[in-house]
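All heavy atoms count here, side chains included; hydrogens, waters and symmetry mates do not. Protein chains get the first letters and strands the later ones, always in sequence-line order, with residue 1 at the start of each.
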Amino acid sequence: MNNNPNPPVTAPTSKKQSSTEDIRHIVLQQLSSIPIGKVCTYGDLAKLSGYPSHSRFVGSVLRKLPADTKLPWHRVINGQGRISFPQDSTAYNKQLSRLESEGVIMLNGRVDLKVYRIRL
DNA sequence: GATATGACATGTT
DNA sequence: CAACATGCCATAT
């Protein structure tokens with residue numbers, strides 16, 4: 001099967017310059033495509049969205065998400081396989097429990113990216 | 001416009 | 001493995 005359920009989005013080639021709002025929308029759309037039980041890094045999500053150097057921007061997008069969002073923000077972790085929140089924070093614990101409830105195991109505060117990271 | 005700040009990434013020490 | 005340095009890019013002041 002060659003049809004990829006999660007195709008990388010090509011950066012717009014049209015003349016219209018893409019606003020950050022446009023990019024944000026693409027990022028959120030790609031985020032919604034991360035399957036249950038899998039994770040991706042901020043950089044992966046940026047790449048999927050067609051903006052490989054925007055890992056930091058992805059973080060700022062997620063930060064602004066409403067608390068009641070249905071999007072799987074918890075499936076996004078950093079390149080070290082760690083949760084990008086202070087260990088003692090409630091946000092950290094929330095993300096951890098959500099991940100484990102999906103079968104993503106964390107050992108020594110780290111996810112095995114070799115196992116759980118999505119394939120680009 | 002200059003600086004500082006982030007839910008980042010990667011390479012070097 | 002940890003600490004540090006650089007690069008990156010949008011936001012806020």
> Within this structure, what is the CZ-to-P distance between A/Arg24 and C/dA10, rounded to whole angstrom?
15 Å
> At less than 4.0 Å, is any side-chain N or O atom of A/Arg63 found next to OP1 or OP2 of B/dA7? Yes or no.
yes
> Take A/Lys64 and A/Ser55, find for each the nucleotide of DNA chain C with the closest heavy atom, and name the residue whose nucleotide sits nearer the 5' end.
A/Ser55
> By the 4.0 Å heavy-atom rule, please label A/Arg110 as base, sugar-phosphate, or nothing.
sugar-phosphate
> A/Trp73 has an atom CH2; how far is it from atom C1' of B/dC8, in whole Å?
17 Å
> Any side-chain N or O of A/Ser53 less than 4.0 Å from the OP1 or OP2 oxygen of B/dA9?
no
> I need the CD1-P distance between A/Ile83 and B/dG6, as an integer number of Å.
19 Å
> Could you tell me how far apart A/Phe85 (CZ) and B/dG6 (C1') are, to the nearest whole angstrom?
11 Å
> How long is the line joining CD1 of A/Ile77 and P of B/dA9, in whole Å?
9 Å
> Within the supplied structure, the quantity of interest is the number of heavy atoms (other residues, nucleotides, ligands) at a distance under 6.0 Å from A/Gln29 CD; does it exceed 12?
no
> Base, sugar-phosphate or nothing for A/Thr20? Non-hydrogen atoms, less than 4.0 Å.
sugar-phosphate
> A/Phe57 near the nucleic acid: base, sugar-phosphate alone, or nothing, with a heavy-atom cut-off under 4.0 Å?
sugar-phosphate
> Could you state the NE2-C1' distance from A/His54 to C/dT11, rounded to the nearest angstrom?
13 Å
> Using the C1' atoms only, state how far B/dG1 lies from C/dA12, rounded to an integer number of Å.
14 Å
> Measure CD/A/Gln87 against P/B/dA7 and give the value in whole Å, please.
16 Å
> Could you tell me how far apart A/Arg56 (CZ) and C/dA10 (C1') are, to the nearest whole angstrom?
10 Å
> Quick one: is A/Ser84 getting a side-chain N or O under 4.0 Å of the B/dC8 phosphate, OP1 or OP2?
yes
> Between CG of A/Leu31 and NE2 of A/His74, what distance do you get to the nearest 0.5 Å?
9.0 Å
> Taking salt bridge (charged side-chain N to carboxylate O under 4.0 Å, His left out) as the cut-off, I'd like each qualifying pair that reaches into residues 20-45 of chain A, sequence neighbours left out, listed once.
A/Glu21-A/Arg24, A/Asp44-A/Arg117
